[in-house]
Colleague: 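The structure that follows is given in the form of structure tokens.
Note that these values count all heavy atoms, side chains included, but never hydrogens, waters or copies made by symmetry. Every number for a ligand or one of its atoms is a count from 1 in the order of the listing.
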Amino acid sequence: MRTVRSVRSVRRAIPALLAATALLTVAVPGASAAPETAAAPGTVPASAPAALTGDALAASWTGPLSTRGRYIVDADGDRFKLKSGNWAGAQGTYVGSGDADDVANHQAHQKSNNIPLGLDRTPIGRIMADFHRLGINSIRLPFANALVHDKSVVPDSAVAANPQLKGKTPLEVFDAVIAALTTDGFAVILNNHTTSYRFCCGLDGNERWNSGQSTRQWIDDWVFMAKRYQGNKRVVGADLRNEVRRDTWNDANWGWGDEHDEYTAFEQAGNEILQADPDLLVIMEGINWQGIPAAPFPHQRPDLKPVRTLSHTLIDSNKLVYAVHFYGYTGPANTGAGSGPGATGDPRYEDFTPDQLAQVVNDEGLFVTEEGKHFTAPVWVSEFGAAGRGSTDAKEKSWFKNFTDILVKNDTDFAQWPLVGWSDEKGTPNDNWALLSYDASGKKLGVEDDGDWRATDWNKLVNAPAKTGRIAPANHWNIVDIDHGDWNLSRTMLAGADWSPGNSKGNCPDTERLIGLSRSHGRGLCTDVAEPPKAAGAWEAVDDERYVKQGDWANGYDKLQCPVNSFAVGYGMKGPAMASLLCAPSAAPLPTKGHSVWFDQGDNRPATGGAHGSDWAENDYKGQCADNEYVAGVAMTWKSLQLGRPDALLCRPLT
Ligand SMILES: *[C@@H]1O[C@H](CO)[C@@H](O)[C@H](O)[C@H]1NC(C)=O
Ligand SMILES: *[C@@H]1O[C@H](CO)[C@@H](O)[C@H](O)[C@H]1NC(C)=O
Ligand SMILES: *[C@@H]1O[C@H](CO)[C@@H](O)[C@H](O)[C@H]1NC(C)=O
Ligand SMILES: *[C@@H]1O[C@H](CO)[C@@H](O)[C@H](O)[C@H]1NC(C)=O
């Protein structure tokens with residue numbers, strides 16, 4: 001059991017069924033600093049990263065950011081690898097019991113006053129210069145929802161080293177920190193970490209995006225934040241919610257369409273954020289914990305696994321980034337609790353061999369970066385870290401080396417946890433996970449100063465060879481999921497009236513067209529491969545056979561068909577039945593000779609084509625046109641109890 005007073009450093013991020021305090025492991029005591037561990041043979045020499053000045057960093061990239069395949073790119077299309085750290089504090093440091101004014105009741109005896117840590121003791125300019133020396137280019141900035149609504153002024157003592165911030169509310173301080181960071185060249189990612197000001201992550205009322213409040217409120221607050229920083233192109237991302245996990249009674253799920261459906265809530269939030277500010281990257285973590293962490297019950301850390309069969313499609317195709325967290329003391333089915341409630345015998349990440357670790361990190365996260373799948377997106381490891389100075393945890397040290405080797409090898413975007421902490425009068429860090437610790441007088445002790453074993457691996461990571469320069473635009477194969485309701489992905493159609501009243505409908509982003517349909521679940525697949533430019537005319541929702549004029553391609557079946565020189569971009573369904581086909585006009589004439597692709601008896605996808613090997617409608621029959629084709633029609637029947645389900649596509653070549 002954790003006793004706050006005796007703890008020098010506190011491990012974080014432990015999702016669980018049971019009370020947070022019971023679950024947080026007793027951290028490694030900050031004994032005398034351990035001697036520097038020698039770099040293992042074959043490791044990259046531990047030369048410190050070359051620090052960029054703010055001006056040089058600012059000149060090196062242009063916002064906003066977007067994605068091309070697995071890479072994040074800047075406004076010029078050049079790779080921008082997120083080499084980030086978490087500057088924590090604005091999410092709150094209170095551990096949830098005892099007097100909130102007493103520093104002893106805050107994580108590692110660090111009271112942030114709900115603003116980024118360190119501003120009480122060090123001028124922000126020096127903190128940022130130290131960030132530059134770490135070799136990072138971007139900051140994940142966690143905040144609590146409470147910050148959005150907090151009208152109180154931060155105590156003068158909380159900003160003693162930054163008098164320009166006196167008299168401001170936490171949100172105004174947050175604004176000033178963002179302005180300073182972005183002026184100094186950093187990219188900033190806003191991270192909705194907690195609801196109330198609380199140190200994350202146990203059973204603390206902050207488990208889900210809608211714990212203690214509605215999904216609507218959560219989205220409204222995001223839209224507020226998106227609009228607030230809309231003018232600043234270096235505020236590059238909205239990281240929707242930290243470590244979604246089980247609360248006492250319920251698991252979050254992926255795609256069930258209920259109140260606990262993270263997949264759908266994130267889809268909706270992402271699309272509303274993009275409508276408020278089309279420049280932001282929308283960053284989504286998977287489910288951090290499901291189930292009851294005790295031997296007889298199923299329990300696991302799904303992370304991004306569900307993305308393999310159900311990925312998101314946003315109204316703008318190049319804005320989605322997935323994220324995942326890894327800590328050595330947790331595991332695929334281990335909460336990270338040391339002993340007592342929440343502790344199970346399941347292996348921790350630090351128990352795996354390097355090969356096993358690479359496999360599990362791949363399965364839970366990095367697989368998403370494979371090219372040419374419906375789920376292909378950049379993956380940002382937005383939290384990972386280890387206890388530094390003074391740690392005697394040999395297993396964690398070895399894990400940190402092996403894990404950062406994987407990040408290096410995979411050229412993975414990352415954000416270390418946490419950047420900034422406090423240190424005491426003797427210079428001992430309160431939280432030895434921090435890369436930079438400042439004492440009350442502002443004196444810094446950093447990972448690059450003598451005696452921190454992490455320097456070798458940190459330097460290896462920030463100096464890692466990485467793909468740079470222009471990245472070629474990538475094709476997309478994106479899911480439309482109307483399992484539980486409309487999936488409105490077209491900005492054009494969103495701006496208009498209901499195009500198929502009474503039916504559930506899905507449509508593709510405006511840059512994509514429909515290319516596949518599934519038989520029983522009404523899933524669709526969109527692509528932009530060789531996308532034909534659209535003509536200016538109105539789009540038409542077709543609900544009868546009036547355009548079936550170039551021959552019968554599905555004898556005895558009912559058909560919906562687009563007018564000539566138009567292609568399908570959406571569909572409406574009434575229950576299981578096809579009800580309408582949404583058709584957009586092509587700027588150039590389209591061939592009218594095509595072929596039928598039947599899928600009433602099985603899965604009928606092309607042998608080639610980007611989506612092959614990434615199932616977009618698992619356990620369902622489905623049909624898909626080839627990448628160089630368009631959907632011109634859909635056939636169905638009500639005979640033999642077929643209920644009007646889609647049976648065949650009319651696929652025609654684009655040229
Ligand atoms: C952050 O998430 C919390 C919990 O879901 C929610 O209450 C709040 O509205 C969110 N705030 C923002 C700015 O998104
Ligand atoms: C790394 O990235 C590639 C895609 O570029 C992916 O296929 C691979 O599985 C990833 N994982 C690991 C552990 O290297
Ligand atoms: C790290 O890798 C080394 C081999 O390079 C291996 O001996 C060790 O067990 C690994 N440790 C962990 C915690 O994965
Ligand atoms: C989807 O868009 C249509 C307009 O085309 C609108 O009537 C409908 O309410 C929207 N559905 C959702 C869930 O936003």
Colleague: Establish, yes or no, whether the cationic atom of R234 lies under 6.0 Å from the six-membered ring centre of W61 and within 45° of the ring axis.
Modeller: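 Cation-pi check for R234 and W61: passes.
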Colleague: Judging by distance only, is a nitrogen or oxygen of S398 under 3.5 angstrom from one on ligand 3?
Modeller: yes
Colleague: Near ligand 2, which protein residues have a heavy atom under 4.0 Å away?
Modeller: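 Ligand 2 pocket, heavy atoms under 4.0 Å: R70, A358, N362, L366, T369, E370, N410.
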Colleague: Consider every N or O of N402 and every N or O of ligand 3, then say whether any pair is closer than 3.5 Å.
Modeller: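 The answer is yes, given that N402 and ligand 3 share an N or O pair closer than 3.5 Å.
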Colleague: Are F186 and H132 close enough that their ring centres sit under 6.0 Å apart?
Modeller: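 Yes, they do, as the ring centres are separated by less than 6.0 Å.
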Colleague: Using every non-hydrogen atom in the two residues, find where W87 and L419 come nearest and quote the distance to one decimal.
Modeller: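 Looking at all heavy atoms of both residues, the shortest contact is N-CD1, 4.1 Å.
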Colleague: With a 6.0 Å cut-off on ring centres, are F326 and F403 close enough?
Modeller: yes
Colleague: Does one side chain, of R389 or N432, offer a donor that lies under 3.5 Å from an acceptor on the other?
Modeller: no
Colleague: Starting at CZ of R454, measure out to CG of L461 and round the result to the nearest 0.5 Å.
Modeller: 12.5 Å
Colleague: With side chains defined as the heavy atoms from C-beta onward, is the minimum distance between S84 and Q416 less than 4.5 Å?
Modeller: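 Side-chain contact under 4.5 Å: no.
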